[in-house]
Every structure is written in C-alpha cells, then in structure tokens.
Amino acid sequence: MLSEPRSGRLAAWGNALLAGFVSPDDAVLSIVGEDAVHRVEGLPGESGPVGLTLALGRMRALGVTGLRVALPAPGHPLGLSGPPEFNARALDAEEAAICFGAALGLVPEVYEAGPEGDVHVEVVWHCLAVREAPPADVPSLGEAERELAEALREATEVLSRLDVAGSGPVAEAAVDAYRARAERGRELLAPGYPPRAVRVLELAQRVGLLISVAYENGHGGAVSASEIAARSLALRPVERTARRAQVAAYNAFVEERERGVR
C-alpha cells in the first residue's frame, strides 16, 4: 500500500497533461519515475510499441480526455468494467488504467533487465479494449474519507489488541517511507487535482502503513495460529477500504469532469 501504483502515476500525470496543466516532458518524467523506460503496445494506429510521449498524444487524438485507475484483487474487481479478458489481465497485474472518452485500458507488464548489480526496470503498457460501463465499487471522495477514518481506528485497535510489534527495522523502514512521502505531499497527485483527493490519498497511505507493519514485521504477540488468522481476518477489510480510497483519489479528476466541475 505504501508504494505508488504505476497506474496511479499514469492516470494522475496523464490527466494533468490532457488538461494542459503540465508539459509532455514533465508528465512522462513523473510517470516513469525511477523506472528506466515505459512503452505502450497495442495502441490503435501504431504497428508496434511506442514511447509514452507519442502514446499520450495518440490517446488524445483518439478522444481520450482522462484516465481512471483500477486496483483489483481476487474477489474484488475494484475499478474494472470488463470485458473478462481485460479484467483477468488487470487482476494478474493488480492494477490498470482505464481511458475516459475511448474504450481503451492499459495494463502494465514489468521487466527487469541488465546485469547483476546494474538491474533496471522496463515497463510495457498493454493497450486493450474495455467495456464502457461504470467502474466497479469505486466510492466518492467523501465516502472514501469517512470509511478511511473508521478503518484507521479499526486498524490501530486490531494491532493493539493482537500486540503486533511496532518496532524493529522493518517497521522503522515503513514509518520512514511514509514520513518521506508525507513531506513530499505535493507530489502525491499531479497539478489540477482537488485538495480533498490529496488528503484522501495521504490517509489511505497511512492506513496502508499500519497494514504493512502488521504483515511485514513478524507476528508480534499474535503467536498462535488462531490469533494470526484473527489478525488477517480483521485487517483484510481495512486493506480493501484503503485500496478503494486510493482509486477514489486517483479518479477524482475524471469524476469532477463527469459532473461538469471542469
């Protein structure tokens, strides 16, 4: 939950570019992040993979005016609208970006290349047809914010009740990662997003921090099988709420456009 999904970066900065808030170079630089290169394959009108700058321009020409995010998990097709072939690929990647204004979706495939000690990441976005229908289970920003506030309380209570360790190198690294992102809050979303979306995304990441500590920092005081199962059962809906809130935050740009705010 702490790591920013690539589909989130693509949607946020793609939306900012399509709306004229940032230049193509700035958008592509922010989307690629620490990866080496991103390409788009299967884009209508292109015979092979193309770079992001060309791909975003082509998408605009195809009628795309915005991008949504999907973060599906087994049993939870969050943000998807079909068809089954696209949903299956997005579920395998655990994320996707859905175009608004054209029936297209993009699913990332990540590759590692280079010799040991000098490995770099390359990403190919597979462009596929999608069904034009409302995305599954995406809350409004207001709903997401209310649900997250409750989820944060629940997560804290669960970790305290089950005595999950809150110290150690893994937990400290998770806390440091969150603090670093919080200090760079302006980078969470691209220009043009409403402040409430930034606030919801920040809160979703805070909930994600607690979940990461719970799952990655050993079993803490939950030493019996029943206690470990109880912790997993209690945290699963909290994680689901945080993912829904992430999608709501990234999709806020397009949702405002649909309501005629933009």
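Along the sequence shown, residues carry numbers from 1.
Within a 6.0 Å sphere centred on CZ of Arg199, heavy atoms belonging to other residues, nucleotides or ligands number more than 12.
A side-chain contact (heavy atoms from CB on, under 4.5 Å) with Arg6 holds for exactly one of Ile31, Val32, Asp35; it is Asp35. The one candidate from Glu147, Glu145, Glu239 that meets the salt bridge (Lys or Arg N to Asp or Glu O under 4.0 Å) condition with Arg244 is Glu147.
Within the model, atoms CD of Glu255 and CZ of Arg68 stand 4.5 Å from one another, a figure rounded to the nearest 0.5 Å. In this structure, Glu202 CD and Leu148 CG are separated by 12.0 Å, a value rounded to the nearest 0.5 Å. One finds the CH2 atom of Trp13 at 9.5 Å from the CG atom of Leu189 (value rounded to the nearest 0.5 Å). Interatomic distance, CG of Leu141 versus CG of Leu201, reported as 10.0 Å (0.5 Å rounding). Between Leu17 atom CG and Leu67 atom CG the span is 9.5 Å, to the nearest 0.5 Å. To the nearest 0.5 Å, the span separating OG on Ser7 from CD on Gln246 amounts to 8.5 Å.
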Query raised in the report: Passes side-chain contact (heavy atoms from CB on, under 4.5 Å), Met59 versus Val40? Steps please.
Result: CA-CA 11 Å; Met59 288 161 59; Val40 179; 5.7 Å; no
Report task. Step by step, work out the side-chain hydrogen bond (donor to acceptor under 3.5 Å, both in side chains) result for Tyr250 and Asn15. Result -> CA-CA 10 Å; Tyr250 286 120; Asn15 285 333; over 6 Å; no
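Under the 4.5 Å side-chain heavy-atom criterion for ILVMFWY residues, no single connected hydrophobic cluster contains both Leu62 and Leu128. Taken together through direct or relayed side-chain contacts under 4.5 Å among Ile, Leu, Val, Met, Phe, Trp and Tyr, Phe100 and Val107 form parts of separate hydrophobic clusters. In this structure, Val110 is a member of the same hydrophobic cluster as Leu10, with clusters built from ILVMFWY side-chain heavy atoms closer than 4.5 Å. Transitive grouping of hydrophobic side chains (ILVMFWY, heavy atoms separated by less than 4.5 Å) keeps Leu29 and Val123 in distinct clusters. Cluster membership for Val138 and Val198, using ILVMFWY side-chain heavy atoms within less than 4.5 angstrom, is shared.
Side-chain contact between Val22 and Pro191: present, with at least one pair of heavy atoms (C-beta onward) separated by less than 4.5 Å. Counting heavy atoms from C-beta outward, Leu71 and Pro5 have side chains that approach closer than 4.5 Å. No side-chain heavy atom of Glu109 sits under 4.5 Å from any side-chain heavy atom of Glu41. Looking only at side-chain heavy atoms (C-beta outward), Pro44 and Leu104 come within less than 4.5 Å of each other. Between Arg60 and Leu18 the shortest side-chain heavy-atom distance falls below 4.5 Å. Val207 is not listed as a side-chain neighbour of Thr241, based on a closest heavy-atom distance of 4.5 Å or more.
A salt bridge between Glu150 and Arg153 is present, with a side-chain N of the basic residue lying under 4.0 Å from a carboxylate O of the acidic one.
In plain terms, the two heavy atoms of Pro77 and Ala136 that are nearest each other are O-CB, 3.3 Å. Of all heavy-atom pairs between Ala102 and Glu132, the closest is C-OE2, 4.4 Å. In terms of heavy atoms, Pro134 sits closest to Ser81 at O-CB, 3.9 Å. Closest heavy-atom contact between Leu43 and Cys127: CD1-SG, 3.8 Å. When all heavy atoms are compared, the tightest approach of Ala248 to Pro139 is CB-O, 3.4 Å. Summarising the geometry of Ala149 relative to Leu203, their closest heavy-atom pair is N-CD2, 4.1 Å, with the distance given to 0.1 Å.
Annotation: salt bridge (Lys or Arg N to Asp or Glu O under 4.0 Å) contacts involving residues 92-101, sequence neighbours excluded, are absent.
Between Phe253 and Tyr193, the ring-plane angle classifies as tilted under the 30° and 60° cut-offs.
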